[in-house]
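Values in this document were obtained by computation on a predicted structure and should not be read as measured data. Throughout, numbering of the chain's residues begins at 1 and tracks the sequence. Computation of the quantities below employed the complete heavy-atom set of this structure, encompassing side-chain atoms and omitting hydrogens, waters and symmetry-equivalent molecules.
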Amino acid sequence: LPGRNVLIVYAHQEPKSLNGSLKNVAVEELSKQGCSVTVSDLYAMQFEPRATRNDIVGCLHNLEEFDYGVEVREAYKRGDLSSDLIEEQKKVQEADLLIFQFPLYWFSMPAIMKGWMDRVLVEGFAHQFPDCYSSGFLKNKLALFSFTTGGSQEMYTKGGISGDIRYLLWPMQHGIMHYCGVKVLAPHICFAPESVSEEERKEMLLAWGQRLKTLWKEKPIDCSPEWYFK
């Protein structure tokens, strides 16, 4: 919809990969709808995934003992976070929708994207207990996890060797996004793209493009343990 802002946080090393193509489809389709689309291409940016004292500019809150969570919370209040974090937080602040595009690594997101979560979503900016879950500070935003897997869809079922794919989404969607108040749309999963034909990969891209056409009409999932584990 015109006037909507979208941030795509993208983690893949190869622009010609299926993840790269999925990201391009999203940029194209959402721009066509009149949305303003920003991409944080984490590998291209050489985004620093490690949470260190370099994230704080100027004096530390406690010179005796370094506590990262406390230090970034206090630095956020003072406006003393490093410029790369301020830049990403500004993108998040302006976004109506966050799309995370990545290949599943070891049942989770790649380290560079997890580092983005660790460093960007600081206390005071995204949440502050007890202001979490439905009262998290990012409560007027939507998020969508779009990712590829190595294993087939059958492997990620309740009876499959990897268990229900929803179990893996619990820490990402619920533990991070929902904790910060974000409403979560159903994930978009491309299963085992490396094991299918070129034709099927093209169909995956078409299906993503089709979904994006009506994305703004979708209702968020029920963010409850039942959705993930029942």
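- Remark: E94 CD is packed, more than 12 non-hydrogen atoms of other residues, nucleotides or ligands lying under 6.0 Å away.
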* Asked: How far apart are the C-alpha atoms of H12 and L22, what are their side-chain angles, what is the distance that settles it, and do they pass the side-chain contact (heavy atoms from CB on, under 4.5 Å) test?
  -> CA-CA 11 Å; H12 201 288; L22 288 160; over 6 Å; no

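- Under a cut-off of 6.0 angstrom, the local environment of CD in E65 is sparse, with at most 12 non-hydrogen atoms contributed by other residues, nucleotides or ligands.
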* To do: Begin with the C-alpha distance, continue with both residues' side-chain angles, and end with the deciding distance and a verdict on side-chain hydrogen bond (donor to acceptor under 3.5 Å, both in side chains) for D84 and S82.
  => CA-CA 6 Å; D84 60 335; S82 59; 2.6 Å; yes

* Asked: Under the ring pair (Phe, Tyr, Trp, His ring centres under 6.0 Å) criterion, do Y133 and Y179 qualify, and how do the steps go?
  -> CA-CA 4 Å; Y133 294 116; Y179 187 84; 5.1 Å; yes

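- Within the model, atoms CG of L142 and CD1 of I99 stand 10.0 Å from one another, a figure rounded to the nearest 0.5 Å.
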* To do: May I have the step-by-step check of salt bridge (charged side-chain N to carboxylate O under 4.0 Å, His left out) for E88 and K91, ending in yes or no?
  => CA-CA 5 Å; E88 293 306 298; K91 294 177 194 174; 2.7 Å; yes

* Full working for side-chain contact (heavy atoms from CB on, under 4.5 Å) between L18 and W208 -> CA-CA 12 Å; L18 186 74; W208 177 224; over 6 Å; no

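- Side chains of R211 and L185 form a contact here, defined as non-hydrogen atoms less than 4.5 Å apart.
- To the nearest 0.5 angstrom, S21 atom OG is 11.0 Å from K202 atom NZ.
- No side-chain heavy atom of Y68 sits less than 4.5 Å from a side-chain heavy atom of D118.
- Ring planes of F229 and Y167: parallel class, angle under 30° (limits at 30 and 60°).
- Side-chain contact between Q210 and L206 is absent, with no heavy atoms from C-beta onward closer than 4.5 Å.
- In this pair, F100 and F145 present their aromatic rings parallel. The plane angle is below 30°, not in the 30 to 60° band.
- Separating the NE2 atom in H188 from the CG atom in L144 is a distance of 8.5 Å, to the nearest 0.5 Å.
- Looking at K183, its side chain does come within 3.5 Å of a backbone N or O of K139 through a donor-acceptor pair.
- In this structure, Q33 and L215 have side chains that are not in contact, with every pair of non-hydrogen atoms separated by 4.5 Å or more.
- Between the OH atom in Y10 and the OG atom in S40 there is a gap of 12.5 Å [rounded to 0.5 Å].
- Partner of Y76 under the side-chain contact (heavy atoms from CB on, under 4.5 Å) criterion, out of Q89, E71, E123, Q128: Q89 alone.
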* To do: Evaluate side-chain contact (heavy atoms from CB on, under 4.5 Å) for Y105 paired with K114, printing each intermediate quantity in order.
  => CA-CA 11 Å; Y105 279 9; K114 178 57 166 55; over 6 Å; no

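- A side-chain contact (heavy atoms from CB on, under 4.5 Å) with R119 is found for exactly one of T52, D55, V72, L81, namely D55.
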* **Trace of the side-chain hydrogen bond (donor to acceptor under 3.5 Å, both in side chains) decision for E226 with S224** => CA-CA 5 Å; E226 285 72 33; S224 66; 3.2 Å; yes

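- Under the 4.5 Å side-chain criterion, counting only non-hydrogen atoms from C-beta, I176 is in contact with M109.
- The shortest side-chain heavy-atom distance between T148 and L104 does not fall under the 4.5 Å cut-off.
- Using modelled atom types, one side-chain atom of K141 and one backbone atom of Q93 make a donor-acceptor pair closer than 3.5 Å.
- Between the NZ atom of K213 and the CG atom of L30 there is a distance of 10.5 Å, given to the nearest 0.5 Å.
- Contact of the Y156 side chain with the D164 side chain is not registered, since no non-hydrogen atoms from C-beta on lie closer than 4.5 Å.
- In summary, E74 and K77 engage in a salt bridge, as defined by a charged side-chain N under 4.0 Å from a carboxylate O.
- When side chains are defined from C-beta on, L97 does not count as touching R4, because their heavy atoms never get closer than 4.5 Å.
- Once rounded to the nearest 0.5 Å, the distance linking CG of D67 with CZ of R73 reads 8.0 Å.
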* **Test side-chain contact (heavy atoms from CB on, under 4.5 Å) applied to M177 and L121, step by step** => CA-CA 9 Å; M177 284 295 112; L121 303 174; 3.8 Å; yes

